[in-house]
Amino acid sequence: MASVQTSSSRPYHLVIFGASGFTGQYVVEEVARTVSEGPGGNLKWAVAGRSKQKLEKVLEQAAGALSKPELRTEVDIIVADVQEPDSLAAMCKQAVIVLSCVGPYRFYGEPVVKACVENGAHCIDISGEPQFLESMQLNYNNQAADKGVYVIGSCGFDSIPADLGVIYTRDQFKGIPTVSTDTDDCVHLYSFCQGASIHDGTWQSAVYGFADSQKLQSLRRKFNHKPLPTAGSKLKRRGALFFSNEIQQYSVPFMGSDPSVVKRSQRFLAEEYQSTPVQYGAYVGVGGLGSVIKLIFAGMMFWLLVKFSFGRSLLTKYPEFFSFGAVSKAGPTRKQMEASSFQLALYGEGYTEDQDPSKGKPNAKIRTLVQGPEAGYVATPITMVQSALTILNESPALPQKGGVYSPGAAFAKTTLIDRLNKHGVQFSVV
């Protein structure tokens, strides 16, 4: 059983590493809001990063935003740098869980994972980078298991709503659990209010992720995974552009980390608990014909530029221009965040208890929603912090041994969905 207790030598339940980054600021504020939800109603925490002065400014800003002046003096500061392994080791030795907020993770994430595993600290990140997530599983899973350490990636908007949304849909389906969602056709609908904006760090992760997409395929071959079993009808993949009758919009395949993360969770649940894997497809609605034309133009330009170092330099240097204003180096303002929200719809098919999956098409359907506040910097801190609190409060419900896990694999048997419902990230059947 992995340890989740503080001690004289490991005094902090949580250490937020990268707290002075854009997302880190909001993770700090979310932790400060939830200290009463720690073990025994108490949460011991600290912030960490390269600059003590910047971390002091983060706490100052959090104190003002939350009207909690005590944050200026009661939260400890740890100076640590990904370029200095000894400083990372010293930080990890003091933490039960490290919340890693140091994207792009392909550049800064691995030293944190390595230090956590070697020094007995659990690690949670909010990466949406499949190559990073899967390489951490390949390279550190066995060592993390030996150390009793949980490394759980993609615990933000990438990919808690999708990964736990699939599990929620499966659990709510009225039918035979082993076959009820094996043909789930899960369609994403992300609905952002006007005025939403994305921070430059998220844009950089996308640029370099697409540039290295070929390397991801070679990485996956190293796992030597066998195909997942299916029951009943096989999920039909949709085209590169199609009109979705479900959401009445033109839609395209979702290019983020969700499909990768969901598949990893379904593989674990099938191998560990012998559950029938859910077949999963992810798509995003883009609107009408005018939006399609804009998307085609922007997509062609993006794909052309990411192939070359010069193009990537342009994309990262002028994100606002190439994203048509969706990305900003300054990130969204608090006012923009308050006006923004997300909605993810999952459409599932399966079989009722009296239907033989081998003799016919699915005869039952379900639709679920996952919805909540602004995705990147409001919902993401909520899902990250609640994931950490779940580890601290529900360790017996986690997988029996440590390792590198996706959220669905780690939290399938916990009450994380209930926790999220209480904090504004809502899961419901509609």
Side-chain angles (χ1 to χ4, degrees), residues 16 18-37 47 54 57-72 75 99 101 103 126 128 155-162 164-165 188-206 247 256 284-287 291 319-320 323-345 369-389 416-417 419-428 430:
I16 306 166
S20 59
F22 189 84
T23 306
Q25 173 73 56
Y26 295 100
V27 173
V28 167
E29 293 176 17
E30 186 60 27
V31 170
R33 290 187 190 97
T34 56
V35 289
S36 64
E37 298 177 36
V47 295
K54 288 183 178 180
K57 185 176 180 181
V58 166
L59 295 174
E60 179 73 27
Q61 187 170 331
L66 302 177
S67 298
K68 290 179 176 285
E70 66 273 14
L71 295 177
R72 299 183 180 97
V75 179
L99 303 185
C101 303
I126 46 177
C155 287
F157 181 66
D158 295 315
S159 293
I160 289 274
L164 294 189
H188 282 203
L189 168 60
Y190 297 98
S191 177
F192 294 93
C193 297
Q194 188 173 8
S197 179
I198 301 170
H199 185 254
D200 177 54
T202 304
W203 174 258
Q204 288 188 42
S205 296
I247 63 175
V284 58
V286 296
S291 298
E320 292 184 63
S323 67
F324 299 95
V327 177
S328 166
K329 284 186 176 292
T333 64
R334 290 181 185 265
K335 187 174 181 179
Q336 286 175 315
M337 292 181 198
E338 290 171 0
S340 185
S341 62
F342 80 88
Q343 184 183 84
L344 182 153
L369 287 180
V370 185
Q371 53 194 332
E374 190 278 332
Y377 314 105
V378 181
T380 286
I382 290 171
T383 57
M384 185 184 211
V385 173
Q386 289 303 315
S387 296
L389 290 168
L416 178 55
I417 290 175
R419 291 174 179 272
L420 293 173
N421 277 328
K422 294 175 183 177
H423 286 269
V425 178
Q426 301 285 329
F427 294 71
S428 61
V430 292

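All values reported here derive from a predicted model rather than from experimental measurement. Every heavy atom of this structure was used, including side-chain atoms; hydrogens, water molecules and symmetry mates were not.
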With rounding to the nearest 0.5 angstrom, report the OG1 to CD1 distance, Thr34 to Ile382.
10.0 Å
Decide, yes or no, whether a salt bridge links Lys68 with Glu29 under the criterion of side-chain N to carboxylate O below 4.0 Å.
no
Nearest 0.5 angstrom please: Leu369 CG to Phe342 CZ, how far?
10.0 Å
For Gln371, which residues count as a side-chain hydrogen bond (donor to acceptor under 3.5 Å, both in side chains) partner, sequence neighbours excluded?
Gln343
Would you check, one step at a time, whether the test side chain to side chain contact (heavy atoms under 4.5 Å, CB included) holds for Val31 with Leu99?
CA-CA 10 Å; Val31 170; Leu99 303 185; 4.2 Å; yes
Nearest-0.5 Å distance, CG of residue Leu164 to CG of residue Leu416:
5.5 Å
Please assess Cys155 against Thr383 for the test side chain to side chain contact (heavy atoms under 4.5 Å, CB included), listing each intermediate value before the final yes or no.
CA-CA 6 Å; Cys155 287; Thr383 57; 5.7 Å; no
Look at Glu30 together with Arg33 and state whether they make a salt bridge at an N to O cut-off of under 4.0 Å.
yes
I need the Met384 CE to Phe157 CZ distance, nearest 0.5 Å.
16.0 Å
Which distance, rounded to the nearest 0.5 Å, do you find between the CG of Leu344 and the CD1 of Ile160?
12.5 Å
Could you tell me the separation between the CG atom of Leu420 and the CD atom of Gln426, rounded to the nearest 0.5 Å?
9.5 Å
Partner residues of Ser159 under the side-chain hydrogen bond (donor to acceptor under 3.5 Å, both in side chains) criterion, sequence neighbours left out
Ser257, Asp258
